[in-house]
Amino acid sequence: MAEKILMPRLSDTMTEGVIADWHKKVGDPVKKGDLLAEIETDKATMELESYKDGVILHLGGPKGSKLQVDDLLAIVGEAGEDISGLIGGNGSGAAAPAPAAKAPAEEGPKAQPAAAASVDVSKMEEVVLMPRLSDTMTEGVIASWAKNVGDPVKKGDLLAEIETDKATMELESYKNGTLLYQGAAKGEKIQVNDLLCIIGDVAKVDVNAIVAAVKGGGAVTVAPAEAAEPEPQAAEAAQATPGAETAGTSGDSRIKASPLAKKLAAEKGVNLSHVKGSGDNGRIIKSDIDNYQPAAAQSQAASQAAAPAAVPAGQESFVDVPVSQMRKTISRRLSEVKFSAPEFYLTMEINMDKAVASRAQLNEISANKISFNDMVLKACAVALKKHPAINSSWMGEAIRVNHHVSIGVAVAVEDGLLVPVVRFADTKSLSQIAGEVKEFAQKAKNKKLQPSDWEGNTFTISNLGMFGIEAFTAIINPPASCILAVGAINEVPVVKNGQIGIGNIMKVTLTCDHRVVDGATGAAFLQTLKQLLEEPLRMLV
């Protein structure tokens with residue numbers, strides 16, 4: 001299905017952007033992570049990556065044209081799709097970000113004393129405010145600072161990693177100078193448009209005056225004012241820096257490279273893991289690809305995991321781990337459902353003997369290895385077309401019966417749980433589903449999933465069978481009204497034709513929102529699902 005890509009707000013004060021260059025044209029195939037365009041903001045020219053696979057169906061303007069934030073930038077979908085309905089407008093929220101960007105400047109002076117009212121921070125080059133890095137972002141957490149107070153900063157240098165409600169994203173500096181102030185320490189939260197940092201000349205910038213103007217005036221004690229002696233600060237930072245990591249690779253094994261460097265590496269067939277980055281914190285930039293010589297590539301150094309601190313026997317010990325933005329979102333969304341939706345649960349046993357045999361045969365010819373979870377997903381997709389009430393959403397004043405089937409697949413990651421969506425699952429083969437689920441799982445672990453990957457599910461599957469869990473109940477993932485909890489396949493005694501034998505039995509539990517689904521409706525869905533999995537050929541017809 002075609003999707004719009006809107007002009008993002010790539011800096012804290014950006015209200016419009018100029019298309020400096022297109023790297024794709026209409027008709028070109030595009031993949032997630034491909035360099036789509038270069039956007040000139042009020043601060044710098046920045047690279048914009050695509051967050052969707054497909055074909056470029058429409059471009060919002062030629063090179064050099066100007067677009068407002070949230071205006072239509074491009075449309076990506078399948079070749080030949082009708083996009084006439086998407087080109088007509090930019091969405092109801094197109095103009096919202098512009099006043100939001102000015103909010104601190106408009107509201108701040110009203111609360112200031114006379115001395116602070118004359119400071120207009122919105123026009124100060126030294127001030128960097130927290131940008132809105134995703135469409136739903138209202139606050140960000142400092143995952144890490146790549147620069148310390150007193151460090152020199154250049155345009156394009158990695159400044160910080162910001163954890164939003166959707167992903168952890170890299171923030172580059174769009175100005176030269178010295179980092180004079182940080183608005184929050186690692187792990188702390190900053191609202192969108194609040195003061196993130198100050199970058200400038202220590203001899204010319206009054207840090208206290210800027211902080212007072214942003215935070216509402218009054219006496220503010222600013223420790224970074226000592227940045228007039230940057231050398232000791234830099235020395236302390238160097239002492240606190242952990243051991244060197246593999247070039248171009250961060251501590252969580254993600255290769256750090258600019259989108260343009262990735263594009264050039266793909267064109268030249270260069271393996272980024274073999275390139276030593278010369279950018280900030282070993283980040284790979286364009287010049288590193290241009291100057292790369294395979295003969296000079298060095299082997300990667302093995303990173304050593306820090307050993308946990310020893311705790312004496314009989315001594316109480318604990319550590320408080322800050323709640324991540326992802327965990328907060330999970331808590332909020334699932335609590336809303338758990339305490340507002342009247343849930344009920346239906347459990348059924350399914351004999352998987354024929355599914356086990358069929359899977360072995362299918363994997364002999366399938367391009368992608370098919371798992372039992374893929375078979376359950378396909379069976380659910382077929383069953384949902386027969387039971388549309390299960391494929392529905394509670395909208396408050398109406399029940400939305402979805403004609404399309406988009407199934408979310410719960411994937412466990414280090415920080416919590418993500419649910420990427422297999423769209424139009426009823427129209428896809430088992431091999432296609434297997435390949436898509438495998439790709440989603442890898443992207444989830446690498447924190448590469450985009451908002452478009454996990455939005456719009458009409459049904460959800462959560463599978464803990466691989467951990468040996470026989471049965472469990474799952475909490476509904478909105479906007480869906482049902483979620484299927486899948487347990488392990490176990491060999492147990494079963495009665496067949498009056499004889500006791502061994503069968504492969506799997507237990508599934510369907511959690512239903514009683515506002516949308518009744519018990520008989522849920523039971524009928526499970527009966528259809530049981531028939532499809534016990535006779536797998538049914539789902540292929």
Side-chain angles (χ1 to χ4, degrees), residues 330 334 337-338 341 343-360 362-363 369-384 387 390-391 405 407-413 416-422 425 430 433-434 437-438 440-441 444 457-477 480-496 500-513 517 519 521-536 538-539:
I330 292 171
L334 296 186
V337 175
K338 187 65 179 176
E343 297 178 338
F344 67 91
Y345 314 97
L346 302 170
T347 300
M348 179 174 282
E349 291 186 350
I350 299 175
N351 190 311
M352 297 290 285
D353 285 348
K354 291 186 178 180
V356 171
S358 298
R359 175 175 175 263
L362 288 169
N363 278 331
K369 186 176 181 180
I370 297 170
S371 68
F372 289 113
N373 194 62
D374 300 327
M375 298 182 75
V376 172
L377 193 153
K378 177 65 177 178
C380 285
V382 175
L384 287 170
H387 303 276
I390 305 296
N391 197 44
V405 175
I407 299 181
V409 183
V411 177
V413 295
L417 192 71
L418 291 174
V419 188
V421 179
V422 178
L430 276 167
I433 290 172
V437 171
K438 182 178 180 181
F440 277 146
N457 59 298
T458 61
F459 186 81
T460 310
I461 295 174
S462 180
N463 191 339
L464 293 178
M466 66 286 292
F467 299 107
I469 302 300
E470 290 188 358
F472 67 103
T473 57
I475 300 175
I476 294 169
N477 180 41
S481 293
C482 296
I483 183 171
L484 186 72
V486 182
I489 299 174
N490 293 319
E491 290 187 341
V492 298
V494 296
V495 178
K496 297 179 182 178
I500 297 178
I502 301 299
N504 293 284
I505 301 300
M506 178 181 74
K507 291 183 180 180
V508 297
T509 300
L510 183 69
T511 303
C512 304
D513 183 343
V517 179
T521 306
F525 169 79
L526 285 181
Q527 285 180 334
T528 301
L529 181 67
K530 178 182 175 72
Q531 293 169 359
L532 291 169
L533 288 173
E534 291 188 343
E535 296 289 345
R538 291 174 179 264
M539 72 176 78

Legend entry - Close side-chain approach of Val486 and Met506, heavy atoms under 4.5 Å: yes
Inset, instruction - Write down the atom of Cys380, the atom of Phe459, and the distance for their closest heavy-atom approach. - result: SG-CE2, 3.9 Å
Inset, instruction - Write down the atom of Pro536, the atom of Met375, and the distance for their closest heavy-atom approach. - result: CB-CE, 4.3 Å
Legend entry - Atom pair CD/CE of Gln527 and Met348 - distance to nearest 0.5 Å: 5.5 Å
Inset, instruction - Name all residues meeting the side chain to side chain donor-acceptor pair (under 3.5 Å) criterion together with Lys507; count only those two or more places apart in sequence or in a different chain, and write none if there are none. - result: none
Legend entry - Any donor-acceptor N/O pair, Thr458 side chain to Asn391 backbone, under 3.5 Å: no
Inset, instruction - Measure the shortest side-chain to side-chain distance between Phe440 and Val411 over non-hydrogen atoms and say whether it is less than 4.5 angstrom. - result: no
Inset, instruction - Would you check if the side chain of Lys354 reaches a backbone N or O of Leu533 as a donor-acceptor pair within less than 3.5 Å? - result: no
Inset, instruction - Supply the atom-to-atom distance Glu349 CD to Leu526 CG, rounded to the nearest 0.5 angstrom. - result: 12.5 Å
Inset, instruction - For Lys496, look at atom NZ and say whether over 12 heavy atoms of other residues, nucleotides or ligands are found less than 6.0 Å away. - result: yes
Inset, instruction - First locate atom SG of Cys512, then atom CZ of Phe525, and finally report the distance between them rounded to the nearest 0.5 Å. - result: 8.5 Å
Inset, instruction - Decide yes or no for Arg538 and Val382: does some side-chain heavy atom of the first lie under 4.5 Å from some side-chain heavy atom of the second? - result: no
Legend entry - Check: Thr347 and Thr473 side chains under 4.5 Å, non-hydrogen atoms: no
Legend entry - 4.5 Å side-chain heavy-atom contact, Leu529 and Leu484: yes
Inset, instruction - Measure across Val517 and Gly522 and return the closest heavy-atom pair with its distance rounded to 0.1 Å. - result: CG1-N, 3.8 Å
Legend entry - Spacing of Ile407 atom CD1 and Leu377 atom CG [to the nearest 0.5 Å]: 4.5 Å
Inset, instruction - Determine whether Ile489 and Phe372 make a side-chain contact, defined as any pair of heavy atoms from C-beta on separated by less than 4.5 Å. - result: yes
Inset, instruction - Kindly say whether Asn504 contributes a backbone atom to a donor-acceptor pair with the side chain of Asp353 at under 3.5 angstrom? - result: yes
Inset, instruction - Please report the shortest heavy-atom distance between Ala383 and Thr528, naming the atom on each side. - result: CB-CG2, 3.9 Å
Inset, instruction - Would you confirm whether Asn490, through its side chain, and Ile505, through its main-chain N or O, come within 3.5 Å as a donor-acceptor pair? - result: no
Inset, instruction - Indicate yes or no: at least one non-hydrogen side-chain atom of Ile483 is less than 4.5 angstrom from one of Ile475. - result: no
Inset, instruction - Supply the atom-to-atom distance Lys530 NZ to Glu535 CD, rounded to the nearest 0.5 angstrom. - result: 11.0 Å
Inset, instruction - Please name the pair of heavy atoms, one in Leu334 and one in Ile476, separated by the smallest distance, quoted to 0.1 Å. - result: CD2-O, 3.7 Å
Legend entry - salt bridge (charged side-chain N to carboxylate O under 4.0 Å, His left out) contacts touching residues 370-380 (sequence neighbours left out): none
Legend entry - Distance, nearest 0.5 Å, that separates CD1 of Ile433 from CD1 of Ile370: 9.0 Å
Legend entry - Minimum heavy-atom distance Leu418-Ala444, with the two atoms named: CD1-CB, 4.1 Å
Inset, instruction - Could you walk me through whether Thr521 and His387 pass side chain to side chain contact (heavy atoms under 4.5 Å, CB included), step by step? - result: CA-CA 8 Å; Thr521 306; His387 303 276; 5.5 Å; no
Under 3.5 Å, side-chain donor or acceptor atoms of residues 460-472 against the rest of the protein: list the pairs with distances, not counting sequence neighbours.
{"from": "Thr460", "atom 1": "OG1", "to": "Asn457", "atom 2": "ND2", "distance (Å)": "3.1"}
{"from": "Asn463", "atom 1": "OD1", "to": "Gly465", "atom 2": "N", "distance (Å)": "2.7"}
{"from": "Asn463", "atom 1": "ND2", "to": "Asn373", "atom 2": "OD1", "distance (Å)": "2.9"}

